[in-house]
Amino acid sequence: QQQLGPNLTFFDLQPPTTDMLAEVSESLRAPTPTLHPKFFYDETGSSLFDRITRTPEYYPTRTEASLLHRYAGEIHSRLDGIHTIAEPGAGSCEKVRVLLDAWQPTHYMPLEISRECLLGASRRLADDFPRIHISAVCADYCQAMAMPEGLQQPGRLVFFPGSTIGNFEPTQRAAFLRGLRELAGPGGSLLIGADLQKPCEQLHAAYNDAGGLTAAFNLNALHHLNRELDCGFDTDTMRHLAFYNSAQNRIEMHLECLQDQHIQLGKNSLTLSAGTRIHTENSYKFTVEGFSAELVAAGFTPSACWTDSDSLFSLHLACA
Ligand code: AVI
């Protein structure tokens, strides 16, 4: 625990470093080659994602932001006795600002695996909100949801925006929601964004923006691997694919080999033949009822849900 300023404390839970080569080798050699979506997010990928959220086609971020803005007061009135906001995977801590502005909680606790990103964002926040105490926790929120000593007082609002929950597979998602309930603690609540099912043309457009940013974002996973592991992917002969799988209610993103790809994985080589698709992401889309049922299954009691007038996106509040 380190005191970095009058209202900023840093907790380093030292997230375990993973063996990227072993992980990537295993997932690319699987019968259906896959890459975990976390590989999108190096510096370039995070900045591409940020630009995607501002494209006219990608509606989730701006729709959720306007719901938060419009209903911040109403949400607050339902959170009697909660003075702490915890945000797993807080990233740049931008989305929470509307809540900090509106509520002035006593305490904000971002959890983030990237130490640099966390330190930068929480320093800016601590300057901008001198009356809010920031406890910045460096942790892999997928692995560790337990709080360090000194932060164990329960009854938090857990904030998980962006429909990131849609990037988890159903079984993982159920386990993750149970983890969020533990993080909220007795008397706590969850405020979570979930993207909604809609006509597939609209979904297709959101993941195939005309400016090509989503294609660049998807392909950037390979640039990331080339840089970190020297895989030698020829990204000019890989194609971005994104489509809606209506049987599974999810957008799928893939990278398709237009020619045989000869790549290097440490000491071993691997050929992905022309036509092979590497599955890079699923983004599940929900109904309000279906998502509420998942919250109940994880032990929550849903208390309210807000959607925009076009039913694009939903914001759920639930008691832990
Ligand atoms: C981060 N996540 C919620 C985004 C999504 O829509 O599933 C990631 C993304 N993939 C392509 N565009 C955006």
Side-chain angles (χ1 to χ4, degrees), residues 34-65 67-68 87-96 110-114 117 140-142 159-170 172-173 176-177 180 191-224 238-246 248-256 277-286 291 294 308 312-316:
T34 56
L35 276 178
H36 193 279
K38 70 184 174 194
F39 296 118
F40 292 140
Y41 300 97
D42 61 356
E43 216 182 310
T44 310
S46 299
S47 125
L48 280 167
F49 179 62
D50 198 54
R51 289 169 64 199
I52 289 171
T53 65
R54 285 182 265 123
T55 60
E57 295 96 335
Y58 194 79
Y59 59 85
T61 312
R62 86 175 65 86
T63 310
E64 182 182 52
L67 288 172
L68 286 169
E87 183 179 2
S92 60
C93 303
E94 283 301 318
K95 288 182 179 163
V96 76
L111 290 92
E112 171 59 48
I113 191 166
S114 159
C117 180
D140 179 354
Y141 69 84
C142 289
F159 181 48
F160 198 64
S163 200
T164 302
I165 194 67
N167 298 129
F168 288 77
E169 292 308 306
Q172 284 179 306
R173 186 162 76 224
F176 184 71
L177 286 172
L180 291 183
L191 181 62
I192 185 167
D195 196 12
L196 294 175
Q197 292 169 18
K198 56 185 61 65
C200 68
E201 296 72 32
Q202 208 172 351
L203 286 166
H204 186 269
Y207 291 83
N208 291 279
D209 62 288
L213 290 172
T214 309
F217 174 71
N218 197 4
L219 284 159
N220 182 61
L222 302 181
H223 290 292
H224 185 188
M238 298 293 289
R239 177 168 78 114
H240 160 76
L241 272 180
F243 54 83
Y244 191 59
N245 176 335
S246 53
Q248 308 257 28
N249 297 312
R250 67 191 192 198
I251 282 279
E252 293 186 11
M253 295 221 303
H254 300 259
L255 288 163
E256 188 178 61
R277 289 177 179 182
I278 304 174
H279 193 162
T280 50
E281 185 178 62
N282 288 322
S283 188
Y284 285 85
K285 307 303 169 188
F286 303 94
F291 194 72
E294 292 194 28
D308 55 292
L312 295 178
F313 200 90
S314 62
L315 202 55
H316 296 248

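We count ligands from 1, going down the list as the structure has it; atoms in each ligand are counted the same way.
Paired with Arg277 under the rule side-chain hydrogen bond (donor to acceptor under 3.5 Å, both in side chains), one option of Glu252, Glu256, His254 passes, and it is Glu256.
Within the structure, the closest approach of Phe40 to ligand 1 does not fall below 4.0 Å when heavy atoms are considered.
Distance alone, capped at 3.5 Å, places no donor-acceptor pair between the Gln248 side chain and the Arg250 backbone.
Ring pair Phe217/Phe40: centre-to-centre distance below 6.0 Å.
Against a heavy-atom cut-off of under 4.0 Å, Tyr58 is close to the following atoms of ligand 1: 4 (C), 5 (C), 6 (O), 12 (N), 13 (C). Every atom of ligand 1 with a heavy atom of Ser283 under 4.0 Å away is listed here by number and element: 5 (C), 6 (O), 7 (O). Within ligand 1, counting atoms from 1 as listed, the ones closer than 4.0 Å to a heavy atom of Ser163 are 3 (C). Near Gly162, with a cut-off below 4.0 Å to any heavy atom, the atoms of ligand 1 are 3 (C). Residue-ligand proximity, Tyr41 to ligand 1, at heavy-atom distances under 4.0 Å covers atoms 1 (C), 8 (C).
Nearest protein heavy-atom contact of atom 13 (C) of ligand 1 is Phe49 CE1, 3.5 Å. Nearest protein heavy-atom contact of atom 9 (C) of ligand 1 is Glu281 OE1, 3.6 Å.
At a heavy-atom cutoff of 4.0 Å, ligand 1 is contacted by the side chain of Asn167 but not by its backbone.
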Report the C-alpha distance between Phe291 and His316 in whole Å, list the side-chain angles of each, state the deciding distance to 0.1 Å, and finish with yes or no for ring pair (Phe, Tyr, Trp, His ring centres under 6.0 Å). CA-CA 9 Å; Phe291 194 72; His316 296 248; 4.9 Å; yes
Check the pair Arg62, Glu64 against salt bridge (Lys or Arg N to Asp or Glu O under 4.0 Å), reporting the backbone distance first and the verdict last. CA-CA 5 Å; Arg62 86 175 65 86; Glu64 182 182 52; over 6 Å; no
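Judged by the 6.0 Å and 45° rule, Arg173 forms a cation-pi pair with Tyr284.
Residues Phe286 and Ala194 share a closest heavy-atom pair of CD1-CB, 3.9 Å.
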